[in-house]
Each structure stands twice: as structure tokens, then as C-alpha cells.
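One structure, as C-alpha cells, below. Some questions next.
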Amino acid sequence: MKCPPRPGRRLASLLGAFVAATLAVAGTAGAQPAPVQASTLGAQAAQSGRYFGTAVAAGKLGDGTYSALLDREFTAVTPENEMKWDATERSRGSFTFTAADRIVGHATARGQRVRGHTLVWHSQLPGWVGAITDATTLRSVVRNHITTELSHFKGKIYAWDVVNEAFADGGSGARRASVFQNVLGDGYIEDAFRTARSADPSAKLCYNDYNIENWSDAKTQAVYRMVRDFTSRGVPIDCVGFQSHFGSSGPPASFRTTLANFAALGVDVQITELDIAQAPATAYADTVKACGSVARCAGITVWGIRDSDSWRSGENPLLFDGAGNKKAAYGAVLTALGGTAATTRAATTPASAAALPARFSWSSSGALISPKPDATHNIAGIKDPSVVYYNGKYHVFASVASASGYNLVYLSFSDWSQAGSATHHYLDRTAIGSGYRAAPQVFYYAPQKLWYLVYQTGNASYSTNPDISNPNGWSAPRNFYSSMPDIIKQNIGSGYWVDMWVICDSANCYLFSSDDNGHLYRSQTTVGQFPNGFTNTVIAAQDSDKYALFEASNVYKVQGSNQYLLLVEAIGSDGRRYFRSWTFGSLAGSWSPLAASESNPFARASNVSFPSGAWTKDISHGEMIRAGYDQTLTIPACKLQYLYQGLNPNASGDYNSLPWRLGLLTQTNSTC
Ligand code: XIL
């Protein structure tokens, strides 16, 4: 059977003259230009690459006022009590993570980062731990607690408070007496950090304490000496948390100095549990400014949302009153968040968030992945990649094209240097089957604990698999729609229905698709109904010049912000493929151009350097390397990477037989 036709089967370069005439000024794809308003704490903090978080209680997630504020204002969460020892390992070896999982699930589905709090602490510690007197037993109990908890949440935690409050108050600078200190001695802190690093190398590891904000205090100095010792000896520590439970006079005058001095040791600093008696606006503003003036101050967490949620509720120390109204301190924080950019991160950590820049520049690899024809697969090109990094490996799905049509291939590798030697698993040998299958998109649908592969077959289709690494685990294709939605039939003209893309927020999933005729469509269903129920198909963006809004649309959530990013592939005046970009504040919202023209493209040969040789002039259908792998399609805001298809510029002939290869772009103008 001949495969249904695929867009752009004509040779792209033949389009040059026509497109030049129509694309002199790139259109805005139906966008209503509106600057991204940083009207929330999280969005405002993201402008300088920081997060703004809050402590969260699992039991309050069902409170509508509470969760509406949480979802609107905050880009990070810390479980207030749910990850503590008395909540997770009440009796030895018996672990419960239900309440903490609820918080992590809520946050992850919204692209909020999670601070893990806390592993080794003298308080909220079950009696059975406090009763241990034997060092060997206690050491193995502590290691097991850390390893089990970190393994459970592996890959989902931005930073762990590994050890909490290990130093004594007052002028001694001594360690606090605790079962850990008394039975194990000074080495227990170092041992905890080393254990944590091996259990989850992707999380930042913090030491967290209170009354260490004033530089000259003996307790501050003692913690500083410990961190300096750790960094000088290579003990794995990435950050110091300053709890910042302040009285009504707010932070000490030296707070900025303290943050800067710790940061100079090569660690991030974070304000982790901020609350201030009576919440004076200036005290809050001073605290925020102290963080904003230190590049390695990665973010601020307040210890609760409304005054009524606070552990110090009698002192009304938070940013929202008991009814959820913004207090004066809220406005002061929003204003003060315009600090200088956060610029540095520890190398071991996931990318932190920032507003996307208005211009992009990239460096490209050579062709990393080429077709691997075998006796029954006479493949000419490998195209349309989808990629997730999961369980220590990149998992790449792509179209394979030949004169006879399209199907899919899967490969995995742990490092880009191994991409070329990875085995190609042809998915026509699986239940996905032979025939027209193209342009895959892969993600983990967390609510169902299932991987989805979305692709085009003439309809929008999908297969599922409990194990992404098992190519034989995919189910047979099923369709999202009973038939092409009417609005597409009415607008598709002589185009093709292609490039299906699913992304979900906390409530809904959206299915985007293109028609090679200047329209981007969007259907929606609820998170609960997915993959069924896609209806309400609308035109999400359009351009009267179809080549300016052609195909291969990607939509992503930008980590640590309330921004979404839309990329659409266009065909330029030179006949070559490139990407335009827009941002928007909600998935069903309207778009604002970001880098959306030929002269200021998102990614085009003109803003890409090729240190290993300019092997392509097309930057065509691809996908961003994500920060996670679930249905929220969250990408980092910094150091973007984009896997794309490129082509020998001299190649010609039948579109399906062109020798497409895959290469990787790395952003070179990241400011964070
Ligand atoms: C507090 C919680 O807010 C309360 O709900 C709980 O009863 C006691 O602990 N330092 C810390 C936090 O590191 O874990 C504490 O949180 C506040 C002080």
C-alpha cells in the first residue's frame, strides 16, 4: 500500500522564490501581542532565574482557596511535615510516602520544583531512633533512611535538606546535642551528605538551619567553617538553606553579606522557611533584596501561604491573610523581586528556571544519528525525533522515511557520544505495526503510570507501554478522534493533517496539530478522561502565509515560570526550514511573539554555529530536551538543547527519499 502523502514532499529549496515574496515581514500567526505579565510571585522571581516557593501541607490541597493560591503564585514547594522522619519511617524499616507523594504529584504536574525536607534532624524524630545507643546500628539506620527516601523520590527533587539544625544556639558555635551527634560524633553530617549523593545524584544537597543569617553570630561562623571544610575536601554539598524565621525587625543588616560569603564558597544559598512576625512590608522587601543581590541565591520559600496556615499563626507572619487576601508585604515582595539575575548553579543539578531570552543563538553538533537500513528496512532518512531523558538514558523515537513511506524507530543511549552506535529498533515489528506511522511524540502520563507514544497515521493515534525501554511493549495503535474534526476539514485545503502534540496542565490535556496550510489546531479533554474525549477543536494560531506557520509545532511548559513556549516550523525565504517561537500564559491562551521572524528566529541556520562543519541549512522538525518526562512537557529555561532533523544542502530528489539526519543544538546565549 502506498503511504498517505506527507507534507513538504516537494523539495524545500524549490519554494524559495515564492516564499521570498510572501515572507518579507514574518506574520505573527494570529497572535495578540501582549507582554508576559509577571503578576505573580513565581513569575516575577523567574524573571531573574529564581523560584518562589512555599511550604505545603498535604491535608490542605483539597482546600480550594489554598490550592488556587498555591498554583497561581508559587513555582516551588516544600512539604511542611510530610517528608520528616516521623512521617516517613515511624517504625524501623517501614516506610510511608503517601502524603508526601500527594504534594510531589501536585507540584510535578504543575512544573513546580520540590524541596525535600528533611532527612536527618533531631526533631520530629520517632522515639525508636532516639533510643539507639550503638553507633553501627545508628549509622546503618540513618543510611537506610536517606537511601530509601531519596530513591523513592529520585529525579523529582530539586534540593534536599539533608541535615537540619545541627548546630547549637548561643555563643558556643558547638554542635547541637542529638542522638546523631551523641552516638556518631561530628562525622554524621558528612556521612549523610555522601549517602545522599550516591542515592540521588541529580538533587542538590543542602545544609539547612535557623539563626545563621547574622554574619558575626557564632552559630553562623560555625556553619560557615563546616561548609568551607566540606567544599575544600570534596564532601558533596551544593547549597545552604537559611530558614529565616524572623522577628518583626526582619533580617539582620548583615544578611546580604552572609549570603554572599557562603555563596563565595561555591554553594548556592536559598531562603528556605521565611516568615516574619507581623509581616512588615519593609522587612519582607529587605529579605527579598538580600537574595536578589547575590547571584547564587537560587530562590525563596515562605513557610506557608495564609497566616492561618502558619506554624506561627499568632504572629500573622505570611503574605496572605486568613481569607487568602494579599497583604501589604505581598506587594513589597513582588516589587523587590526585580533583583539582579541568578547566574550560577552547581554543575550536578537540573537547570534552574529563568525567563526565556528574546533572541537565541545556538551551536550545533554534527549529524549524530543516521539511518541504519537493514535487510527489510531500506531507510533513506531519520526524522521528526521525540526524546526523553529517563532512568539515566536518552530514549529517542523518530520517523524513518523511504520511498515506500513512513514508520517509526526507537533507540536509547546514555550519552550523546553513543547516539550514533545505538541499536535501531524498528517499531513496525511490534504491535504498532507496518503502514503509515510518523512524527512520534513520547511522554509519561503520570496519572496512569504509562508511557504514551503519539503519532500520525492519517488520524492522530497513540500506543501505550508500561516500560519505555522495551520496544516490544507498545500497544497497537488507537485513534484520538473518530474522524478528522470538522474545523480541520473546513480549513485544510490541499494541506495534510500532521504532527500531533499532546501537553497537559493540572486540569486538561491539549492535542495540537498542523495542516500545512497555515493553521495550528487545538483540541482538549480533561486529565481524568485522557486519552479519550478530545473535543472543542479550535484554530489556536493561523497565518495567511502557510509557509510562515507550516508544521512540526511543539508546546512546552517553561520550568519555574508560568510561561508556555510554542515553536512552529516555517519555510524561509531561502526555502530552508527554521523555527519561530511564541510564549503564552496558559495552554488555551493567546500567544505573544518571542523570536518569531526570519531575522530573529528561534532556530535557523542564521543563528546556529557549526563548529564541526555546516552539514545542514535546514533546522527542521525536532524536540527540546526536557527537564522531566511527564505529560507537562516541562523544559528548563536555561541552556536549552534541541534535537532536530537536518539535511545535506546538496541533496535532491523525492521528498520521502531525502537523507535527513538528526543533530543537537545547544543554546549559547543562556543567561543563567
Ligand atoms: C514546623 C512545621 O511548620 C510545623 O507544622 C510542625 O509542627 C513543626 O515543624 N524549622 C524547620 C521546619 O526546619 O521543619 C519547622 O516546621 C519549622 C522550623
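Counting from 1, the numbers follow the sequence of the chain as shown. All of these numbers come straight from a predicted model, not from anything done at the bench. Whatever order the structure lists them in is the order used to number ligands and atoms, beginning at 1.
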Mutual orientation of the aromatic rings belonging to Y452 and F443 [parallel < 30°, tilted 30-60°, perpendicular > 60°]: parallel
Lys/Arg cation over aromatic Y210: K219, 6.0 Å, 45° cone: yes
Protein contact of atom 8 (C) of ligand 1 - nearest heavy atom, named by residue and atom, plus distance: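 Heavy-atom neighbour on the protein nearest atom 8 (C) of ligand 1: Q124 OE1, 3.4 Å.
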Atoms of ligand 1 close to E165 [distance to a heavy atom under 4.0 angstrom, numbered from 1]: 10 (N), 11 (C), 13 (O), 18 (C)
Ion pair check, E82 and R102, cut-off under 4.0 Å: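 Salt bridge: no.
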Atom 3 (O) of ligand 1: nearest protein contact (heavy atom, Å):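 Nearest protein contact, heavy atoms only, for atom 3 (O) of ligand 1 is E80 OE2, 2.4 Å.
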Ligand-side contact atoms (ligand 1) for residue partner N164, heavy atom cut-off under 4.0 Å: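 The atoms of ligand 1 under 4.0 Å from a heavy atom of N164 are 11 (C), 13 (O).
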Top protein contact for atom 15 (C) of ligand 1, by heavy-atom distance: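 Of every protein heavy atom, K84 NZ, 3.8 Å lies nearest to atom 15 (C) of ligand 1.
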Within-cut-off N or O pair, W121 and ligand 1, under 3.5 Å: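 Between W121 and ligand 1, no N or O pair is found under 3.5 Å apart.
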Location of contacts on N81 toward ligand 1, heavy atoms closer than 4.0 Å: side chain
Test: R306 and D309 ion pair at under 4.0 Å: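 So R306 pairs with D309 through a salt bridge.
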Short N-O contact, R197 and D238, less than 4.0 angstrom: yes
Atoms of ligand 1 close to Q243 [distance to a heavy atom under 4.0 angstrom, numbered from 1]: 10 (N), 11 (C), 13 (O), 18 (C)
Parallel, tilted or perpendicular: ring planes of F153 versus W160, cut at 30 and 60 degrees: tilted
Cationic N near anionic O, under 4.0 Å, D191 to R139: no
Mode of T118 contact toward ligand 1 - side chain, backbone, both, neither (heavy atoms, under 4.0 Å):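 For T118, there is no contact with ligand 1 at all, from either part.
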Proximity of F193 and Y207 rings by center, below 6.0 Å: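 No, the ring of F193 stays outside the 6.0 Å limit from the ring of Y207, centre to centre.
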Which segment of W303 sits under 4.0 Å of ligand 1 when only heavy atoms are counted: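 For W303, only side-chain atoms sit under 4.0 Å from ligand 1.
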Closest protein heavy atom to atom 11 (C) of ligand 1, given as residue, atom name and distance to 0.1 Å: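 Minimum-distance protein heavy atom for atom 11 (C) of ligand 1 reads E273 OE1, 2.9 Å.
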